[in-house]
Amino acid sequence: MPPKKRPRVGKRSESSGKSDDAVGPSAAGRKRKAAAGDGCESAGVPVYSHWLMKSEPESRFENGVDVKFGIEDLKALPDQTSCWDGVRNYQARNFMRQMKEGQLAFFYHSNCKEPGVAGLMKIAKEAYVDHTQFDKKDVHYDVSSKPDNPKWSMVDVRFQRMMKRFVPLSELKKHHLQHRADGGPLKDVALFTRARLSVQPLTSEEFDFILSLEVKEPH
DNA sequence: GCCAACGTTGGC
DNA sequence: GCCAACGTTGGC
């Protein structure tokens, strides 16, 4: 149980299932070339230090439960801290398991009017068991997961700050397309190359570039 | 272990 | 609300 009362976190219910129970960056990384982790690799496995985490800022009902959880909701909590529960995708889970306390993550608004990067959070607690997998009443209950061998993990995140301006997906996409042509920092960014992942890694270059946009004129 | 069918994500 | 992309399931 997380320190704070948990708000519902809006991550999409990424269909639970089995298969890739591997620990480590992505057993689906077979597909991906070890695209430059961060200059930091061990045994060919990229080590990431920055993240992007998606949540839905607008109301949407899943089994009668509102999964809305935007950055304002995180900011409004007593400690501005929340667990990031409900992730039910192995790749996303594995990325969460790699997160280290103090690392930065973008809070990304998805499935809404204006998708994009809303702010910054810090990893406040490293991966631990997501108790909602055992809660029959929870939207993300997983009947196949047993307490003696839990499948799903979560981290705690703490609100850091809002972006100086909201950086919309459309703008990131323009840069991505440009960078694909000119080799710029967003050419391989997971947001577009692995669009459906709700927890994504960013290289330092990708993170810095996106962050730099907040003080530039909208494109 | 292949792969078609199915279900979900999430931009548009 | 549509639907492309893609992860998961399960028959074989």
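In what follows, chains are A, B, ... by sequence order, proteins preceding strands, each numbered from 1.
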Item to check | Side chain of A:R196 - closest among C:dC6, B:dC12, C:dT8 | outcome: C:dC6

Item to check | Whole angstrom value for the distance that separates P of B:dT8 from CD of A:Q91 | outcome: 17 Å

Checklist entry - Does A:D73 pair with A:K68 as a salt bridge, N-O distance under 4.0 Å? => result yes

Item to check | N or O in side chain of A:K54 less than 4.0 angstrom from B:dT9 OP1/OP2 | outcome: no

Checklist outcome for this item: Between CD of A:E56 and P of B:dT9 the distance, given in whole Å, is 8 Å

Checklist outcome for this item: Separation of B:dG10 atom P from A:L197 atom CG, nearest Å, is 8 Å

Next on the checklist: Does the plane of the ring in A:W152 sit parallel, tilted or perpendicular to the ring in A:Y90? Use 30° and 60° as the thresholds.
Outcome noted: tilted

Item to check | Spacing between A:E58 atom CD and B:dT9 atom P, to the nearest angstrom | outcome: 17 Å

Checklist entry - Any salt bridge between A:R161 and A:E214, counting N to O under 4.0 Å? => result yes

Checklist entry - Where do A:F107 and A:W51 land on the ring-ring contact (aromatic ring centres under 6.0 Å, His included) test, with the steps shown first? => result CA-CA 9 Å; A:F107 194 124; A:W51 312 95; over 10 Å; no

Checklist entry - Which nucleotide in the list C:dT8, B:dG7, B:dC12 gets nearest to the side chain of A:N89? => result C:dT8

Checklist entry - Expressed in angstrom and rounded to an integer, what is the separation of A:D142 atom CG from B:dG7 atom P? => result 17 Å

Checklist entry - Counting side-chain heavy atoms from C-beta on, which of B:dT8, C:dT8, B:dC12 comes nearest to A:L169? => result B:dC12

Item to check | A:K187/A:E205 salt bridge by N-O under 4.0 Å criterion | outcome: no

Checklist entry - A:Y108 near the nucleic acid: base, sugar-phosphate alone, or nothing, with a heavy-atom cut-off under 4.0 Å? => result sugar-phosphate

Checklist entry - Which part of the nucleic acid does A:K113 contact within heavy-atom distance under 4.0 Å: base, sugar-phosphate only, or nothing? => result nothing

Checklist outcome for this item: Taken to the nearest whole Å, CG/A:N111 to C1'/B:dC12 is 11 Å

Checklist outcome for this item: Atom CG of A:L191 and atom C1' of C:dC6 are separated, to the nearest Å, by 16 Å

Checklist outcome for this item: A:M53 CE to B:dT9 P, in whole Å, measures 16 Å

